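Along the sequence shown, residues carry numbers from 1. In this text the structure is predicted, and so the values were computed from the model without any measurement.
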Amino acid sequence: MVEIAQVFNNNSALVNLGDHKQAIVKGKGIGFHMTKGSNLESNKIEKIFYLDTKGSQENLFFLMKDIPIDVVTTTYEIIDYAKKKFDYNVLDYVYITLSDHIFGSYRRYLSHTYSESLVPDMSNQYTTEYLIASHGLDVINKNLGVNFPESEIKSIALHFINARGEENQENHLKKSETIDINQIVKAILIDNNIFREEGNGNYYDRFMVHLQYLTGRLDDQTDEDEEFSEKLEKEMQDSYPISFKIAKDIYITIQNKLNRKLSSNELLYFIIHIQRLTHEKSKS
């Protein structure tokens, strides 16, 4: 038996495993009439997602502020599949970026404003990530009762491509560089009349979280397909010219100020974050 730390809904809960370790568990009716401190019989658990690091535990509570638990557990299920099926190592921040993406797509789907991904196909370069994303799409459609098109695989795969790696405790969150990056970005946002406001607070905060984890990836850049990167950059520039200009400014300034190289995937994420803050409509 395990002790319940928090009941999410009738079918999911957070449990204590001892030694300060926790996990998300799912199973039909496991949370029904249960409260914090109740003991849960292990044979009722159908799926379990371990929170292996302090970062994954912190991310869970950050996500639950404004993302439904069904979306959060779906995200954990996809990442758990990647780790177990492919022994795929990812940085903890993928829990935030992927859940944020799934929830945004889900809301647009329900409001009939969903449009297919503009991300180019990269399956030849990233076979494993596309296999993970293909399974992920099936999990999303089943768990959330939606029917996203196969083009959504490209967006899901991109989150794993950008977050591949292992947490490096020595390199993770270098305080001075984190402060520098935040100051650089906030100054550029202010120059473009972008401020944290009540209506965009969630998007703004998620951008700041992405920047905090950026310092842990500065020394872990992989070789990229230049032809693909240029194609992607051109497509995003055509679709979101204003957001692209601001994101490119941030991208170049960070590299120049810190004398460090960023991957082109970071530019793409900057564009996505800026587009959410500016609400710029696609020109293509």
Side-chain angles (χ1 to χ4, degrees), residues 55 58-59 61-67 91-101 103-105 107-108 113 118-119 155 158-159 162-163 171-221 229-230 232-284:
E58 292 174 347
N59 288 340
F61 293 103
F62 179 84
L63 291 171
M64 289 175 57
K65 291 178 181 179
D66 52 11
I67 292 183
L91 302 175
D92 277 342
Y93 89 105
V94 74
Y95 289 95
I96 292 177
T97 61
L98 183 57
S99 62
D100 185 46
H101 167 77
F103 186 42
S105 297
R107 287 190 298 180
R108 290 189 292 274
T113 59
L118 294 172
V119 177
S155 296
L158 187 63
H159 288 276
N162 196 44
N171 192 40
H172 184 55
L173 291 180
K174 296 176 181 177
K175 188 172 182 180
S176 61
E177 288 189 339
T178 300
I179 294 172
D180 286 343
I181 291 174
N182 283 332
Q183 290 176 342
I184 290 168
V185 173
K186 287 180 179 179
I188 294 175
L189 293 178
I190 290 173
D191 287 343
N192 288 276
N193 295 315
I194 299 175
F195 306 91
R196 189 190 188 284
E197 302 171 339
E198 184 176 351
N200 70 2
N202 289 338
Y203 290 142
Y204 191 97
D205 292 343
R206 292 184 187 285
F207 191 16
M208 293 302 112
V209 169
H210 180 87
L211 294 172
Q212 289 175 9
Y213 280 93
L214 173 60
T215 60
R217 302 192 300 276
L218 289 173
D219 293 323
D220 190 29
Q221 305 297 332
S229 297
E230 291 175 359
L232 176 60
E233 188 172 322
K234 180 64 167 59
E235 290 188 8
M236 296 303 287
Q237 183 176 14
D238 291 342
S239 298
Y240 303 106
I242 297 174
S243 300
F244 177 87
K245 181 178 180 298
I246 299 171
K248 188 75 170 182
D249 188 11
I250 292 172
Y251 181 74
I252 293 174
T253 303
I254 289 175
Q255 293 184 107
N256 291 341
K257 292 281 189 179
L258 300 184
N259 194 27
R260 311 286 282 278
K261 177 177 172 53
L262 299 181
S263 74
S264 59
N265 286 335
E266 294 296 345
L267 174 59
L268 176 60
Y269 271 99
F270 291 169
I271 297 170
I272 292 172
H273 282 293
I274 298 299
Q275 185 273 331
R276 287 170 175 168
L277 290 171
T278 61
H279 303 291
E280 182 181 8
K281 303 296 183 182
S282 174
K283 300 295 189 295
S284 61

Engineer: By side-chain contact (heavy atoms from CB on, under 4.5 Å), which residues pair with Ser243, not counting sequence neighbours?
Structural biologist: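 For Ser243 the side-chain contact (heavy atoms from CB on, under 4.5 Å) partners, ignoring immediate neighbours, are Tyr240, Ile271, Ile274, Gln275, Thr278, Glu280.
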
Engineer: How would you list, by chain and number, every residue that makes a side chain to side chain donor-acceptor pair (under 3.5 Å) with Lys248, sequence neighbours excluded?
Structural biologist: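 For Lys248 the side chain to side chain donor-acceptor pair (under 3.5 Å) partners, ignoring immediate neighbours, are Glu233.
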
Engineer: Could you pull out all residues at least two apart from Lys245 that satisfy side-chain contact (heavy atoms from CB on, under 4.5 Å)?
Structural biologist: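 Per chain and number, Lys245 pairs via side-chain contact (heavy atoms from CB on, under 4.5 Å) with no residue.
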
Engineer: Measuring from atom CE of Met236 to atom CD1 of Ile272, what distance do you get when rounded to the nearest 0.5 angstrom?
Structural biologist: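 Separation between the atoms: 5.5 Å.
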
Engineer: May I ask you to test the Lys257-Ile181 pair for a side-chain heavy-atom distance under 4.5 Å?
Structural biologist: no

Engineer: Is any side-chain heavy atom of Leu211 closer than 4.5 Å to a side-chain heavy atom of Phe270?
Structural biologist: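 Yes, their side chains come closer than 4.5 Å.
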
Engineer: Where the side chain of Gln255 meets the backbone of Leu262, is there a donor-acceptor pair that is under 3.5 Å apart?
Structural biologist: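 Yes; at least one donor-acceptor contact below 3.5 Å.
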
Engineer: With rounding to the nearest 0.5 angstrom, report the OG to CD distance, Ser239 to Glu235.
Structural biologist: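 One gets 7.0 Å once the value is rounded to the nearest 0.5 Å.
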
Engineer: Measure the shortest side-chain to side-chain distance between Ile254 and Val185 over non-hydrogen atoms and say whether it is less than 4.5 angstrom.
Structural biologist: yes

Engineer: Could you walk me through whether Arg276 and Asp100 satisfy the side chain to side chain contact (heavy atoms under 4.5 Å, CB included) test, starting with their C-alpha distance in whole Å, then the side-chain angles of each, then the deciding distance to 0.1 Å, before giving a yes or no?
Structural biologist: CA-CA 12 Å; Arg276 287 170 175 168; Asp100 185 46; 2.5 Å; yes

Engineer: Go through the structure and list residues passing ring-ring contact (aromatic ring centres under 6.0 Å, His included) with Phe244, not counting sequence neighbours.
Structural biologist: none

Engineer: Could you tell me which residues satisfy side chain to side chain donor-acceptor pair (under 3.5 Å) with Asp249, sequence neighbours excluded, listed by chain and number?
Structural biologist: Thr253

Engineer: If you measure from NZ on Lys261 to CD on Glu266, what distance do you get to the nearest 0.5 Å?
Structural biologist: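 Output value for this atom pair is 11.0 Å.
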
Engineer: Would you say the side chain of Phe207 lies within less than 4.5 Å of the side chain of Lys186, judging by non-hydrogen atoms?
Structural biologist: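 Counting from C-beta outward, Lys186 and Phe207 never come under 4.5 Å.
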
Engineer: Check side chain to side chain donor-acceptor pair (under 3.5 Å) between Thr97 and all other residues, then give those that pass, not counting sequence neighbours.
Structural biologist: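 Residues passing side chain to side chain donor-acceptor pair (under 3.5 Å) with Thr97: His159.
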
Engineer: About how many Å separate CD1 of Ile250 and CG of Leu189, when rounded to the nearest 0.5 Å?
Structural biologist: 5.0 Å

